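For clarity, every value in this text was computed on a predicted model and none was experimentally measured. Numbering of residues begins at 1 and proceeds along the displayed sequence.
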Amino acid sequence: MNHVPDTSRRTFLEAGAMALGAGLLPLSPSASRPLASSTSRPLDSSTVLPIAEWTVPQFQSAFQTGRYTSLQVCRLYLDRIREMDRRGPAVNSMIELNPDAEAIARQLDVERKAGKVRGPLHGIPIVIKDNIATHDRMETTAGSLALVGHKPPSDAFIVERLRAAGAVILGKTNLSEWANFRSNNSTSGWSGRGGLTRSPYALDRNPCGSSSGTGVAIAANFCAIGIGTETDGSIVCPSSHNALVGIKPTVGLVSRSGIIPISHTQDTAGPMCRSVTDAAILLGVMAGADPADAATRDATTHGTDYSRFLDPSGLKGARIGVAREGFFGYSDAVDRLAEDAIALMKKAGAEIVDPADIPHANDYGSAEGVVLRYDFKHDIEAYLATLGAGAPKT
């Protein structure tokens with residue numbers, strides 16, 4: 001894909017927000033307000049979110065120098081969410097805000113001032129998909145009204161790791177209900193609980209699913225970083241549609257315990273961020289061996305510091321295959337973008353193996369569907385059994 005400067009996204013979103021009369025965030029944060037408060041003050045559209053497009057290293061530098069506190073940053077993001085998610089352009093990416101987010105940020109500021117830094121995400125605001133369990137005052141529903149009020153018994157393992165690393169969970173993001181495994185005709189980005197998520201770039205376009213809310217929230221600068229989940233395309237597709245970096249880790253690198261499942265064969269959570277650097281840092285926090293997920297027993301064999309692989313010359317000598325049969329020829333415009341990307345990788349030193357077709361590449365869909373249906377029947381009942389009395393069992 002052609003390189004798009006960071007300023008293009010920022011300018012586009014700001015212009016779109018102003019055109020819709022939503023405005024952008026002023027410098028001074030205000031007090032916490034409900035998600036869709038009708039009493040929220042209008043924003044001055046001549047001002048710009050001062051932390052727009054910031055990376056994790058930029059935030060950490062600002063925290064260390066005292067330029068910002070975590071509480072200030074959280075309030076900036078929360079105000080922006082309240083003015084632009086359900087109001088203004090109404091992209092509808094957040095299904096719920098964390099009522100304890102400001103208190104958590106305040107405590108993390110106290111810890112930092114006392115010389116204690118929990119980890120690489122200390123004080124960093126993050127959003128997570130609403131199929132990832134949190135044992136707090138938020139719901140975990142996969143967007144389904146059937147699970148409202150049925151609390152998981154504990155944090156998901158990856159949530160434990162986020163908290164240990166100092167992340168501030170701002171809230172849960174909307175998704176394609178049941179991670180898009182509810183119907184052959186389901187709509188990407190729609191859930192019964194959260195409604196329809198819309199692209200921040202073009203409100204009438206599909207933001208892709210099922211991690212649509214996470215993708216839109218990050219693209220719209222509602223948070224610093226986010227987490228989605230994927231069985232087949234649910235991280236990489238909304239990352240692509242929202243101009244983000246998305247990683248679907250190898251199954252077994254990141255724990256699935258506490259995540260509402262589709263398939264233990266293919267499910268995994270992964271980072272969704274605005275930069276490769278942020279994605280590498282977040283993946284390092286997420287990855288780890290979980291006794292409750294046997295597939296992760298070797299997760300730390302090669303370490304978890306993925307930032308050490310951030311090499312601008314990393315494509316030199318890499319062999320990259322181009323699978324054309326079954327993947328090209330559907331759209332001239334998309335084919336041109338792919339050819340541009342191939343040319344850029346070659347220019348960066350990659351060895352392009354073209355073609356590198358995959359035999360029977362288009363024959364696996366029906367077989368995958370059979371596997372997923374069997375996995376889902378077993379895995380969803382195992383998850384529901386953890387919710388206790390009164391929760392659905394099948």
Applying side chain to side chain contact (heavy atoms under 4.5 Å, CB included), run through L49 and W54 and close with a yes or a no.
CA-CA 10 Å; L49 180 70; W54 274 28; over 6 Å; no
Y383 versus R256: any side-chain heavy-atom pair under 4.5 Å?
no
What's the verdict on side chain to side chain contact (heavy atoms under 4.5 Å, CB included) for L170 and F222, showing C-alpha distance, side-chain angles and the deciding distance?
CA-CA 9 Å; L170 282 186; F222 292 163; over 6 Å; no
Just by modelled atom types, is the G123 backbone N or O under 3.5 Å from a matching donor or acceptor in the S70 side chain?
yes
Using modelled atom types and a 3.5 Å cut-off, is there a donor and acceptor pairing between side-chain atoms of S144 and backbone atoms of T141?
no
Could you list all the disulfide (SG to SG under 2.5 Å) pairs where at least one residue sits in residues 136-172, not counting sequence neighbours?
none
Would S210 and S234 count as a side chain to side chain donor-acceptor pair (under 3.5 Å) here? Give the steps.
CA-CA 5 Å; S210 65; S234 292; 3.1 Å; yes
When hydrophobic residues are tied together by side-chain contacts of less than 4.5 Å, even through go-betweens, does I320 share a cluster with F327?
yes
Looking only at heavy atoms, what is the nearest atom pair of N206 and H241, with distance?
O-ND1, 2.8 Å
All salt bridge (Lys or Arg N to Asp or Glu O under 4.0 Å) counterparts of D109, not counting sequence neighbours:
none
What is the distance from atom NZ of K129 to atom CD1 of I260, rounded to the nearest 0.5 Å?
10.0 Å
Side chain to side chain contact (heavy atoms under 4.5 Å, CB included) evaluation trace for T277 with V56
CA-CA 8 Å; T277 296; V56 169; over 6 Å; no
Which value, rounded to the nearest 0.5 Å, describes the distance between E53 atom CD and R274 atom CZ?
5.0 Å
Could you tell me whether the side chain of F181 reaches within less than 4.5 Å of the side chain of L372, counting heavy atoms only?
yes
Taking only residues two or more places apart in sequence, or in another chain, which ones meet R308 in a salt bridge (Lys or Arg N to Asp or Glu O under 4.0 Å)?
none
If only side-chain N and O atoms count, and only distance matters, is there a donor-acceptor pair under 3.5 Å linking K248 with T268?
no
Between the main-chain N or O of F157 and the side-chain N or O of D290, is there a donor-acceptor pair closer than 3.5 Å?
no
Checking D155 side chain against E160 main chain: does a donor-acceptor pair fall under 3.5 Å?
no
Consider only side-chain heavy atoms of I, L, V, M, F, W and Y, link residues closer than 4.5 Å, and tell whether L162 and L283 are in one cluster.
yes
With heavy-atom distances below 4.5 Å as the criterion, would you say the side chains of D357 and R324 are in contact?
yes
Do Q266 and D375 come close enough that some side-chain heavy atom pair is under 4.5 Å?
no
Near E339 CD, under 6.0 Å, is it more than 12 heavy atoms from other residues, nucleotides or ligands?
yes
Flag if over 12 foreign heavy atoms under 6.0 Å of CG, D204
yes
Is I126 reachable from V285 through a run of I, L, V, M, F, W or Y residues, each pair having side-chain heavy atoms under 4.5 Å apart?
yes
So, do P271 and I247 sit near enough that their side-chain heavy atoms are less than 4.5 Å apart?
yes
Could you grab the distance from atom CZ of R205 to atom CZ of R198, nearest 0.5 Å is fine?
13.5 Å
For the residue pair L384 and T394, establish whether any side-chain heavy-atom pair is separated by less than 4.5 Å.
no
Which heavy atom of A105 sits nearest to which heavy atom of C74, and what is that distance?
CB-SG, 3.7 Å
Sub-3.5 Å donor-acceptor pair from the side chain of R112 to the main-chain atoms of H122, do we have one?
yes
Donor-acceptor pair, distance only, cut-off 3.5 Å: does the side chain of S211 make one with the backbone of T214?
no
Carboxylate-amine/guanidinium proximity below 4.0 Å for R193 and D130:
yes
For the hydrophobic clusters of this structure (ILVMFWY residues joined by side-chain heavy atoms under 4.5 Å, transitively), does one cluster hold both L203 and M94?
yes
More than 12 non-hydrogen atoms from neighbouring residues, nucleotides or ligands closer than 6.0 Å to NE2 on H135, yes or no?
no
Determine the minimum heavy-atom distance between L310 and A280, stating which atoms define it.
CD2-CB, 4.0 Å
Provide the closest heavy-atom pair for A179 versus I262 in the form atom of the first, atom of the second, distance.
O-CD1, 3.5 Å
Does any non-hydrogen side-chain atom of I281 lie less than 4.5 Å from one of P57?
yes
Taking all non-hydrogen atoms of both residues into account, name the closest pair between P249 and G270 and its distance.
CD-CA, 3.8 Å
Minimum heavy-atom separation for A219 to P200, with atom names?
CB-CG, 3.9 Å
Heavy atoms, side chains only, cut-off 4.5 Å: are I132 and I259 in contact?
yes
Whether over 12 other heavy atoms sit under 6.0 Å from F328 CZ:
yes
Would you call R163 and D136 a salt bridge, using N to O less than 4.0 angstrom?
yes
Look only at the side chain of E102 and the backbone of R75, and say whether a donor-acceptor pair between them is shorter than 3.5 Å.
no
Before you tell me yes or no, could you show the steps for S255 and S257 under side chain to side chain donor-acceptor pair (under 3.5 Å), namely the whole-Å CA-CA distance, both residues' side-chain angles and the distance that decides it to 0.1 Å?
CA-CA 6 Å; S255 169; S257 64; 3.0 Å; yes
Main chain of S61, side chain of R67: is a donor-acceptor contact present, judged purely on distance under 3.5 Å?
no
Got a sec: does the NZ of K377 have more than 12 other heavy atoms crowding it under 6.0 Å?
no
Do L175 and M138 belong to the same hydrophobic cluster, where Ile, Leu, Val, Met, Phe, Trp and Tyr are linked whenever their side-chain heavy atoms lie under 4.5 Å apart, directly or via other members?
no
Distance from I218 atom CD1 to M272 atom CE, nearest 0.5 Å?
5.5 Å
To the closest 0.5 Å, what do you measure between CZ (R118) and CD (E111)?
4.0 Å
F63/V117 under side chain to side chain contact (heavy atoms under 4.5 Å, CB included): CA gap, chis, key distance, verdict
CA-CA 11 Å; F63 293 154; V117 176; over 6 Å; no
Tell me if a side-chain donor or acceptor on D278 pairs with a main-chain N or O of T55 at a distance below 3.5 Å.
no
For the CD atom of Q60 and the OG1 atom of T65, what is their distance to the nearest 0.5 Å?
11.0 Å
Would you check if the side chain of N174 reaches a backbone N or O of G195 as a donor-acceptor pair within less than 3.5 Å?
yes
